[in-house]
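Okay, structure first, notes after.
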Amino acid sequence: MMGRPKGDKYYWNQVTIEENGKWKCKHCNRVFSGGFTRIKAHVDQTKGKGIAVCVCSVDGGNERVLSTSDSNNPRLTESQCSVAEHVVRGSNNVNGIFQSEINDLNKLVSDLTSVEDDIKGQLQWLESRGKKRKSNVNNWLNELQNLKKRVVDMNNSLDVFGLGNFYELEIEQWVDKLQQHEEIRQLTVEMQRHKIQKPVVLSNEFVGEDFEHDVQIMWTLLEDVHVFIIGIHGMGGVGKTFFATYMENEIKRKATFNHVFWVTVSHDFTIFKLQQDIAERIGVKLCGDDERSRATILASELEKIEKSVLILDDVWKYIDLEKVGIPLRMNGIKLIITSRLKHVYRQMDCQSHNIITIYPLQWSEARELFSLKLGHHGTPATLTPEVLEIARFVGKEFNGLPLGIILMARTIKGCYDTYMWRHALNKLKKMGIGEEVKEVVLTVLKRSYDNLVEKDMQKFFLHCSAVLPNTFDRSDLVVTLLNNGFMKEKGNLEEIFDEGHDIVNKLIDHSLLLDLEDCSLLEMHNLVTDMACHILNESHSYMVKCKQELRKIPHVQEWTVDLELVYLANNMIEEIPEGTSPNCPRLSSLILTNNRINHIPECFFTDMNALTVLDLSYNDAI
């Protein structure tokens with residue numbers, strides 16, 4: 001063999017000589033015949049020399065995988081380089097890499113097709129019952145078709161089995177293959193994301209993103225073999241029973257459990273009555289008056305019914321499941337409880353992470369519900385400017401509470417032209433929401449207040465509803481307790497504040513306060529405030545006009561001689577006019593907090609000789 005030129009030693013070091021006289025590249029392991037010029041062309045990646053180029057470059061004798069920084073290969077991405085590295089290091093499974101990822105992609109297509117078939121079956125079932133599908137369902141199905149078409153096109157264009165000659169490819173062909181590989185990866189990611197985003201709730205009668213999220217959580221809890229009691233919690237009128245009814249129908253439709261039994265518990269609950277109601281649902285006859293014997297019979301019958309769900313709706317106090325005869329941890333029986341009282345769940349050993357809390361709707365969701373209930377047979381009504389203004393008014397008055405929105409929509413559903421809608425809006429603005437509707441809603445909410453067995457708790461709640469704004473800091477509430485003499489504890493400051501926080505927690509437990517995501521902030525729903533003010537105003541010795549955007553104090557004629565307490569907090573009152581002097585000799589508390597008062601004439605207090613509490617806090621301009 002001829003001697004090698006000294007300057008070409010670098011290139012000869014990149015190959016080894018085989019016994020048959022051919023040479024083998026140390027980097028890509030490909031074997032060629034020929035002389036030095038072919039080696040140089042291969043190593044330097046010089047095209048057009050009749051030899052396939054090396055898929056790596058050499059820098060100081062060290063191997064370097066092609067990347068996006070290579071000037072002659074700017075089209076490579078990081079993920080393509082990952083595949084290139086298998087090739088450079090002599091991988092004999094390039095086909096396997098591609099084939100495995102294509103198989104994963106096709107498996108995703110198969111899984112999503114099954115989901116698609118299930119959704120179409122659900123839609124057929126819903127629409128046979130006169131229900132309408134959500135618009136996002138069509139969007140999801142259409143996007144799935146686009147993704148599936150792209151996968152078909154990919155399978156048709158990708159010459160996977162031709163990759164056996166991978167080392168024979170020119171560099172541009174090699175780059176094209178890696179780009180195809182990148183497309184496979186991208187499609188896989190999109191398909192996985194689309195699978196996660198599949199619609200869970202298909203009918204448009206169920207409004208709100210939270211509803212769909214809550215359904216997903218419920219299915220997770222139902223499928224968990226370690227979860228036995230599931231709670232559905234929320235304030236009155238927020239939709240707990242509505243949500244439980246949806247789950248009841250879905251469990252029956254999917255047949256994931258053998259049976260679903262529904263029992264409404266309510267305030268008049270007794271062990272005996274609950275035993276009787278459950279027995280009737282499962283088709284068992286209970287005889288005698290002995291609760292223990294009845295519990296034994298009921299438990300025995302329930303144990304025979306494998307994998308079932310028992311729903312107890314509207315629970316107001318602790319239920320001793322053993323005394324009733326409800327055997328949990330047996331044969332896959334699950335218990336779902338709806339209640340507005342958080343402490344009931346704790347007493348019944350329902351873990352906090354197994355409780356689903358239902359919240360009022362957002363503005364856009366409230367408008368959607370209002371439109372739906374104004375419409376006919378699942379088709380939402382068209383919101384003209386007049387109707388949209390009514391929707392805004394109703395949304396503000398009911399603050400996203402579904403019960404009020406539904407009742408209000410039902411009340412004004414008879415309007416059919418612009419004049420009637422405008423007239424309805426004018427009436428609403430002048431007279432407020434309908435008295436009948438408001439009475440129904442406030443009666444529902446008042447049950448939470450009535451359930452406060454301690455009279456001092458009721459007094460404190462009423463006071464706070466009038467004094468504090470809708471959203472406030474927890475510590476402000478505790479200070480209000482302290483300042484207004486509602487504390488019984490006389491110990492050190494820490495003990496007093498502990499008592500204060502305990503009282504606050506009880507109001508939260510009764511759904512009279514909402515615990516916001518920021519654990520330090522609390523909210524009192526404006527309808528709960530209205531309910532409290534309604535209770536206060538039932539007494540002729542109280543004047544309560546809170547959170548009504550008043551700019552002037554009530555006319556002097558409204559300040560009667562028998563007034564004992566006046567709440568004018570959280571308004572926009574700027575000034576009490578000179579000469580104003582109400583005759584209120586029995587008035588003991590005057591609450592003017594959180595207004596814009598800048599001046600009060602001295603004569604205003606002349607005939608308030610019994611006044612002991614005057615709250616002018618948060619009137620910064622005074």
Side-chain angles (χ1 to χ4, degrees), residues 218 221-222 226-238 240-241 243-244 247-248 261-282 286 289-299 301-303 308-330 333-358 444-458 461 499 501-515:
M218 177 61 81
L221 294 174
L222 286 171
H226 301 294
V227 175
F228 304 100
I229 304 179
I230 304 169
I232 302 174
H233 170 260
M235 64 182 291
V238 81
K240 300 181 297 296
T241 300
F243 178 69
M247 291 308 308
E248 177 193 24
F261 305 109
W262 182 293
V263 176
T264 301
V265 181
S266 295
H267 264 107
D268 59 350
F269 151 78
T270 63
I271 295 289
F272 187 90
K273 182 176 183 301
L274 184 55
Q275 288 174 332
Q276 193 66 35
D277 289 341
I278 294 173
E280 289 178 4
R281 297 298 184 276
I282 66 176
L286 295 178
D289 297 332
D290 184 68
E291 289 180 355
R292 294 180 62 185
S293 300
R294 290 160 62 90
T296 301
I297 297 170
L298 191 58
E301 293 298 324
L302 282 170
E303 286 173 6
S308 299
V309 175
L310 173 62
I311 300 174
L312 299 182
D313 183 41
D314 201 22
V315 176
W316 282 87
K317 60 183 177 180
Y318 167 73
I319 299 174
D320 189 324
L321 300 178
E322 188 175 344
K323 284 186 177 180
V324 175
I326 300 174
L328 296 181
R329 303 177 185 271
M330 296 291 291
I333 293 178
K334 301 271 189 179
L335 179 63
I336 296 177
I337 300 172
T338 77
S339 176
R340 64 178 80 176
L341 308 175
K342 276 190 176 179
H343 59 273
V344 167
Y345 297 112
R346 292 195 296 270
Q347 293 168 353
M348 296 182 67
D349 290 331
C350 180
Q351 301 299 311
S352 59
H353 51 268
N354 297 336
I355 299 174
I356 298 171
T357 300
I358 311 296
V444 169
L445 294 175
K446 188 174 180 292
R447 292 174 66 190
S448 293
Y449 167 81
D450 293 336
N451 205 65
L452 290 171
V453 292
E454 302 174 46
K455 295 301 179 184
D456 286 344
M457 285 288 294
Q458 290 185 341
F461 162 71
E499 181 192 1
H501 283 289
D502 181 63
I503 294 173
V504 173
N505 288 334
K506 287 180 180 177
L507 294 179
I508 294 172
D509 282 355
H510 281 72
S511 296
L512 292 169
L513 292 177
L514 299 178
D515 204 350

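Computed over heavy atoms, backbone and side chain alike; hydrogens, waters and symmetry mates excluded.
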Is there side-chain contact between [X] and [Y], with heavy atoms separated by less than 4.5 Å?
X: R340; Y: H510; value: no
X: V324; Y: I278; value: yes
X: D277; Y: F272; value: no

Inset, instruction - Enumerate the residue pairs fulfilling salt bridge (charged side-chain N to carboxylate O under 4.0 Å, His left out) with a member in residues 312-321, sequence neighbours excluded, ordered by first and then second residue. - result: D314-R447
Inset, instruction - Applying side-chain contact (heavy atoms from CB on, under 4.5 Å), name anything that partners V265, two or more places apart in sequence or on another chain. - result: F269, L274, L312, V315, I319
Inset, instruction - Output, in order, the C-alpha distance, side-chain angles, deciding distance and verdict of side chain to side chain donor-acceptor pair (under 3.5 Å) for H233 and S511. - result: CA-CA 9 Å; H233 170 260; S511 296; 3.3 Å; yes
Legend entry - Rounded distance (nearest 0.5 Å) linking atom CD1 of I271 with atom CD of Q276: 13.5 Å
Legend entry - Value rounded to 0.5 Å, distance of CG in L512 from CG in L445: 8.5 Å
Inset, instruction - With sequence neighbours excluded, give me every side-chain hydrogen bond (donor to acceptor under 3.5 Å, both in side chains) pair touching residues 342-352. - result: R346-D509
If you take all heavy atoms of [X] and [Y], which pair is closest and at what distance?
X: P327; Y: A299; result: CG-O, 3.8 Å
X: R294; Y: D289; result: CD-C, 4.2 Å
X: L222; Y: K334; result: O-CE, 3.1 Å

